Amino acid sequence: RLILESASEGIFGLDENGRHVFVNPAAAKMLGYSIEELIGQRSHELWHHTHADGTPYPQEACHIYATLRDGKVRSIDIEVFWRKDGTPFAVEYTSNPTINEKGEIVGAVVVFRDITERKKAGEALRTSEERFRSILDNIEDGYYEVDMAGNFTFLNPALVRMLGRPENELIGMNNRLYMTPEGAKTVFQTFNRVFQTGIPDQGFGWELIRPDGTQRSVEGSVSLIKAADGSNTGFRGIVRDITEHQQEQETLRTSEANFRTLVENAPEAIFVVDLETGLFADPNENAV
């Protein structure tokens, strides 16, 4: 009795008709009743009104009464109990049959705990995961997670598009299969350095090979993924396709080189004047 009265879980003792014959202080406190109010009351009628989804919970469907009928132990993850003031709260509970020396079911013991905070934490985690997923699905940069051997465990749609392969084909694929030998060497050296030092690398480049043989230039970052115990479980990072940027830079360099050649070989004198200082700049040979 001392153990039952000191327990943080709510505990009911029920007779064969589902009426409370024992109620510990924790159960009374959670439900907002006095122990005296609960003794003799039918359990289902008092606190078990609906399923967790809000649908009606008739007595014949109640797991506790099912235990009284067939003598089987039942454990329910999430259900709704109702306080005296009419407010619901989430619980998990176990109903155990009480058997007499003749093997007859003469009651049950119900142990339950309030899991409202745990449920809220779970909902907050799901919300956070949904927000994280939405961000990853809509950013233009690629995001990846790989195991310690460099095999994909997760990647976002942008990276799927960069690699030009179906997602289900990429999951489990090793990085050597979609990189040039030089790129695979660069990635291995970078990942190994991050593994050895624990310091993320914020910018290194390599070449991706698509199934049609075309190559894409990318730059990316990498950091370690750690388990709750602090052990390393893989790597994650961001990948950006810089192929067009590199092509634009090369086009600009070529254009500047062509312009420089035209100016240097022009028969006319060509020079630039700074309007603020009046000084000459970049004269060609004829201007000199």
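Values below: every heavy atom of this structure, side chains too, minus hydrogens, waters and symmetry copies. Note that this is a predicted model, so its numbers are computed, not measured.
For the residue pair Leu155 and Leu170, the shortest heavy atom distance occurs at CD1-CD1, 3.5 Å. For the pair Gly198 and Pro200, the tightest heavy-atom approach, listed with the atom from each and the gap, is O-CD, 3.6 Å. Minimum heavy-atom separation, Gly164 to Pro211: O-CG, 3.4 Å.
Once rounded to the nearest 0.5 Å, the distance linking CG of Leu159 with CD of Glu145 reads 11.5 Å. If you take CG on Leu208 and CD on Gln215, they are separated by 9.0 Å, rounding to the nearest 0.5 Å. Annotation: the span from Leu31 atom CG to Lys29 atom NZ amounts to 12.5 Å, rounded to 0.5 Å. Remark: Arg161 CZ to Leu163 CG distance equals 11.5 Å, nearest 0.5 Å. Between Asp141 atom CG and Leu136 atom CG the span is 11.0 Å, to the nearest 0.5 Å. Between Phe132 atom CZ and Asp137 atom CG the span is 10.0 Å, to the nearest 0.5 Å.
Remark: side-chain polar atoms of Thr190 are paired, donor with acceptor, to backbone N or O of Thr186 under 3.5 angstrom. Counting only distance, with no hydrogens or angles, the side chain of Asn24 and the backbone of Leu4 share a donor-acceptor pair below 3.5 Å. In this structure a side-chain-to-backbone donor-acceptor pair under 3.5 Å is present from Thr197 to Arg193. A distance-only check finds a donor-acceptor pair linking the side chain of Thr243 to the backbone of Ser217 [under 3.5 Å]. Within the 3.5 Å criterion, the main-chain N or O of Arg210 finds no donor-acceptor partner in the side chain of Thr214. With Asn138 contributing its side chain and Ser134 its backbone, the two residues share a donor-acceptor pair below 3.5 Å. The backbone N or O of Ser221 lies less than 3.5 Å from no partner atom in the side chain of Asp201, so there is not a single donor-acceptor pair. Judged purely by atom type and a 3.5 angstrom limit, Glu37 uses its side chain to pair as donor or acceptor with the backbone of Ser34. Although no hydrogens or angles enter the test, the distance criterion places no donor-acceptor pair under 3.5 Å between the side chain of Ser231 and the main chain of Ala227. With hydrogens and angles disregarded, no donor-acceptor distance shorter than 3.5 Å links the side chain of Thr94 to the backbone of Ser75.
Atom NZ of Lys185 has 12 or fewer neighbouring heavy atoms from other residues, nucleotides or ligands inside a 6.0 Å radius. Heavy atoms of other residues, nucleotides or ligands lying less than 6.0 angstrom from CZ of Arg83 number more than 12. For Leu125, the CG atom is densely surrounded, since the number of other residues' heavy atoms within 6.0 Å is greater than 12.
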Verdict with supporting geometry, Trp206 and Val239, side-chain contact (heavy atoms from CB on, under 4.5 Å) | CA-CA 10 Å; Trp206 69 96; Val239 176; 4.1 Å; yes
Please assess Ser43 against Arg19 for the test side-chain contact (heavy atoms from CB on, under 4.5 Å), listing each intermediate value before the final yes or no.
-> CA-CA 6 Å; Ser43 189; Arg19 297 184 183 276; over 6 Å; no
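No salt bridge links Arg240 with Glu140; every basic N to acidic carboxylate O contact stays at or beyond 4.0 Å. Of the charged side-chain nitrogens involved, none lies within less than 4.0 Å of a carboxylate oxygen, so that Glu207 and Arg216 do not count as a salt-bridged pair.
The aromatic ring centroids of Tyr144 and Phe235 lie 6.0 Å or more from each other. Proximity of the aromatic rings of Tyr178 and Phe152 is defined here by a centroid distance below 6.0 angstrom, and this criterion is met.
One side chain, Asn174 or Arg176, offers a donor N or O that lies under 3.5 Å from an acceptor on the other.
Using bins of under 30°, 30° to 60° and over 60° for the plane-to-plane angle, the ring pair Phe89/Phe112 lands in the tilted bin.
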